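Down below is the structure, laid out as structure tokens.
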Amino acid sequence: MIVLINPNSTETMTLSMKDTASKAVPGARIVAWTSHDGPAAIEGPEDGEACVPPLLELVGKASDDGAKAIIIGCADDTGLAPARRLASCPVIGIGQAAYHMAVLAGEKFSVVTTLPVSIPVLEANIAEYGLSGSLSRVRASNVPVLDLETDKEAATARVLAEAGRAAREDDIQSVVLGCAGMSHIPCVAPSHTIRLIDGVTAAAKIVSVLA
């Protein structure tokens, strides 16, 4: 059993991530849990801090229930370090998975996230993973997280437009989608030379091997 935990309380995002993960690893047993005591969206460090205690409760439950691997369904990799210490199985963040996939795919990558408030969080995580040398830029699409659920068509168009700018301007081989709410976006690259990497897909494929 692979347990995907959404640290925010938006159930539709949980279901979207589960659908994406299940398509990435057909046949795997994936269950998806929503942290109903978390904020509706994680936009910046304050939201991230608020969601950690209820997230860790779910991590502990998943570990106790015999999970073979746990995915933290937030591109901020919220609570990842304490979750790894708590669980008896591998715990992977979707940001972490996507960045490592991008490094394997090419020399340089950029990230397209939601709002500017998320940029420092993602940059700090990438530095902590030792991957700053492969990062070109973290870009904000100026799309609020919940717009990815409530106004998908317009939000997706803005995310892909920013990914296109990254492809033209950043001298990269990959663009990472820097929000769990982007997992529904088809991984159609903005140019034939650029890969578009979704963290939920990347994490599901990695944990399917670890599990």
Side-chain angles (χ1 to χ4, degrees), residues 1-9 13-38 42 48-49 51-106 109 111 113 118 121-135 174 176-183 187 195-211:
M1 176 179 65
I2 297 168
V3 180
L4 189 158
I5 303 175
N6 178 8
N8 75 42
S9 60
M13 193 178 299
T14 308
L15 296 175
S16 181
M17 285 193 285
K18 181 182 180 182
D19 181 63
T20 297
S22 297
K23 289 176 180 176
V25 283
R29 184 188 173 200
I30 299 174
V31 299
W33 296 349
T34 302
S35 180
H36 295 290
D37 292 328
I42 299 173
E49 291 172 7
C51 79
V52 169
L55 166 66
L56 292 181
E57 289 186 16
L58 292 178
V59 168
K61 181 179 186 303
S63 182
D64 291 344
D65 287 354
K68 300 299 184 183
I70 298 169
I71 297 170
I72 304 298
C74 177
D76 288 8
D77 292 339
T78 305
L80 180 59
R84 285 168 60 89
R85 292 192 294 268
L86 177 64
S88 58
C89 61
V91 183
I92 293 181
I94 64 170
Q96 177 191 39
Y99 307 142
H100 283 85
M101 195 76 78
V103 168
L104 291 172
F109 69 94
V111 182
T113 187
S118 294
V121 176
L122 302 190
E123 289 177 336
N125 287 345
I126 291 167
E128 185 174 344
Y129 303 146
L131 303 178
S132 292
S134 297
L135 174 67
S174 302
V176 170
L177 297 174
C179 177
M182 297 176 184
S183 69
C187 284
R195 286 181 175 83
L196 199 61
I197 297 177
D198 162 55
V200 174
T201 299
K205 287 182 178 294
I206 291 172
V207 300
S208 71
V209 176
L210 296 176

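Computed from heavy atoms alone, side chains included, the values below leave out hydrogens, waters and symmetry copies. Since this is a predicted model, take the numbers as computed values, not measurements.
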Checklist line | Closest approach of Ser132 to Ala127 (non-hydrogen atoms, all atoms of both residues) | finding: OG-CA, 3.1 Å

Notebook entry, point to check: Does Asp198 use its side chain to pair, donor to acceptor, with the backbone of Thr201 at less than 3.5 Å?
Noted result: yes

Margin query: Taking side-chain contact (heavy atoms from CB on, under 4.5 Å) as the criterion, tell me which of Ile2, Ile70, Val207 meets it with Ile92.
Written below: Val207

Margin query: My understanding is that only residues two or more places apart in sequence, or in another chain, count here; which of them pass side chain to side chain contact (heavy atoms under 4.5 Å, CB included) with Val121?
Written below: Pro45, Asp76, Asn125

Check: Could you give all pairs that pass the side-chain hydrogen bond (donor to acceptor under 3.5 Å, both in side chains) test and reach residues 79-95, with sequence neighbours left out?
Finding: Ser63-Ser88

Check: Which residues satisfy the side chain to side chain contact (heavy atoms under 4.5 Å, CB included) test with Lys68, sequence neighbours excluded?
Finding: Ala211

Item checked: Set of side chain to side chain contact (heavy atoms under 4.5 Å, CB included) partners for Ala180, sequence neighbours left out -> Met13, Met17, Ile94

Next item on the list: Could you pull out all residues at least two apart from Lys205 that satisfy side-chain hydrogen bond (donor to acceptor under 3.5 Å, both in side chains)?
Entry: none

Item checked: Under the side-chain hydrogen bond (donor to acceptor under 3.5 Å, both in side chains) test, residues paired with Ser208 that sit two or more places apart -> none

Notebook entry, point to check: Backbone N or O of Cys74 within a donor-acceptor pair of the Thr78 side chain at under 3.5 Å?
Noted result: no

Check: Lys23: what forms a salt bridge (charged side-chain N to carboxylate O under 4.0 Å, His left out) with it, not counting sequence neighbours?
Finding: Asp19

Item checked: Residues that Asp64 engages under salt bridge (charged side-chain N to carboxylate O under 4.0 Å, His left out), provided they are two or more places apart -> none

Next item on the list: Could you tell me whether a side-chain N or O of Thr113 sits under 3.5 Å from a main-chain N or O of Gly178, the two making a donor and an acceptor?
Entry: yes

Note to self: Taking side chain to side chain contact (heavy atoms under 4.5 Å, CB included) as the definition, give me every residue that meets it alongside Ser35, ordered by chain and number, with sequence neighbours left out.
What the structure shows: Pro54, Leu58

Margin query: Angle between ring planes, Tyr99 versus Phe109, binned at 30° and 60°: parallel, tilted or perpendicular?
Written below: parallel

